[in-house]
Amino acid sequence: RAFVSIVGANQSELLFGDAGSQFSGRVRYDHIDNKLSLWASGSQDVTVDNTGRVGIGTDSPSEKLQVVGNTLLNSIFFNTGYGQQFISTGNGTTINFGQPTSYVQNMSVQGRIQASSSVMVGNNTITASAADVGGIRYRVSGNNSYVDMCMQTGASAYTWVNIVLNQW
């Protein structure tokens, strides 16, 4: 059952439920603040303000999306529009990046990247190409470990140039 209620001179609600549940589900619109609020179980849960900011756990969001309270974020997904996952937190501790295979790069950052710990470079064994120029790789072969950089060596020639070799 649902019905419309006038809360005050500036607010109206669409109530859901029945008298026994005291209509604990509701959508409230504030005419003065131009704010829409969603309620479940008798408490305000989500607010959309007049600038399009969404608040979960707050009725005054300060960002496009603001979540207030104890939250456990296990997964968040942003889709590219091609039906493929762009960013995912995976298991909650690792962030995975990826774009459709038609794109050349998986992540592009304008500005610098700063890490408070080490930056891991994979064991890349692919043939050097224009797409890899400037790239750094770490690899192991036998009792040797290498740090290499991909460089252009001709008009259309590329190679991995060894920077450091460590033998054990």
Side-chain angles (χ1 to χ4, degrees), residues 16 25 27-29 33-41 43-168:
F16 299 94
V27 177
R28 179 181 287 175
Y29 182 71
D33 294 334
N34 292 318
K35 187 185 298 186
L36 182 70
S37 301
L38 305 175
W39 298 53
S41 301
S43 64
Q44 184 176 344
D45 295 312
V46 179
T47 298
V48 180
D49 73 9
N50 63 352
T51 65
R53 293 180 295 218
V54 176
I56 300 173
T58 178
D59 64 352
S60 302
S62 59
E63 302 293 331
K64 274 296 199 187
L65 175 62
Q66 182 178 3
V67 179
V68 175
N70 295 331
T71 61
L72 176 58
L73 181 61
N74 285 327
S75 294
I76 184 169
F77 301 100
F78 297 93
N79 289 320
T80 62
Y82 295 99
Q84 296 199 15
Q85 185 175 305
F86 176 60
I87 301 175
S88 127
T89 61
N91 63 9
T93 60
T94 302
I95 297 177
N96 302 306
F97 293 87
Q99 294 181 344
T101 56
S102 62
Y103 294 174
V104 174
Q105 63 222 20
N106 285 343
M107 183 174 76
S108 177
V109 177
Q110 293 186 6
R112 67 180 185 175
I113 296 174
Q114 181 176 340
S116 61
S117 186
S118 60
V119 175
M120 302 301 292
V121 179
N123 187 7
N124 184 345
T125 58
I126 63 171
T127 303
S129 69
D132 299 311
V133 169
I136 303 277
R137 74 176 181 183
Y138 172 83
R139 64 187 175 92
V140 174
S141 179
N143 289 339
N144 302 308
S145 60
Y146 303 87
V147 175
D148 302 329
M149 179 176 209
C150 184
M151 299 182 73
Q152 186 169 3
T153 57
S156 59
Y158 309 92
T159 191
W160 288 102
V161 176
N162 182 253
I163 299 171
V164 175
L165 164 64
N166 183 44
Q167 298 175 324
W168 66 89

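Basis for what follows: all heavy atoms, side chains included, without hydrogens, waters or symmetry-related copies. Sequence positions, counted from 1, serve as the residue numbers for this chain.
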Atom pair OG (Ser141) and OH (Tyr146), whose distance is rounded to the nearest 0.5 Å: 5.0 Å

Thr47 side chain near Thr58 side chain, heavy-atom distance below 4.5 Å: no

Shortest non-hydrogen separation from Thr51 to Lys64 and the atoms involved: O-NZ, 3.6 Å

Main-chain N/O of Val161 paired with Thr159 side-chain donor or acceptor, under 3.5 Å: no

side-chain hydrogen bond (donor to acceptor under 3.5 Å, both in side chains) between Ser37 and Gln44, intermediate numbers included: CA-CA 7 Å; Ser37 301; Gln44 184 176 344; 3.1 Å; yes

Side-chain donor or acceptor of Gln152 paired with backbone N/O of Gly154 under 3.5 Å: yes

Smallest separation among heavy atoms of Asp132 and Trp160, with atom names: CB-CZ2, 4.2 Å

Contact check, side chains of Asn144 and Leu165, non-hydrogen atoms, under 4.5 Å: yes

Heavy-atom check, side chain of Asp148 versus side chain of Tyr138, under 4.5 Å: no

Value rounded to 0.5 Å, distance of CG in Asp33 from CG in Asp59: 9.5 Å

Salt bridge present between Asp49 and Lys35 (N-O < 4.0 angstrom): no

Exercise: identify the closest heavy-atom pair between Ser129 and Cys150: O-SG, 3.8 Å

Within-4.5 Å side-chain heavy-atom neighbours: Asp45 and Leu38: no

Audit row: Trp39, Arg28, side-chain contact (heavy atoms from CB on, under 4.5 Å) steps and yes/no: CA-CA 8 Å; Trp39 298 53; Arg28 179 181 287 175; 3.6 Å; yes

Residue pair Asn162 / Val147: nearest heavy atoms and the distance that separates them: ND2-O, 3.4 Å

Arg53 side chain to Glu63 backbone, donor-acceptor under 3.5 Å: no

Min side-chain heavy-atom separation Leu36-Val27 under 4.5 Å: yes

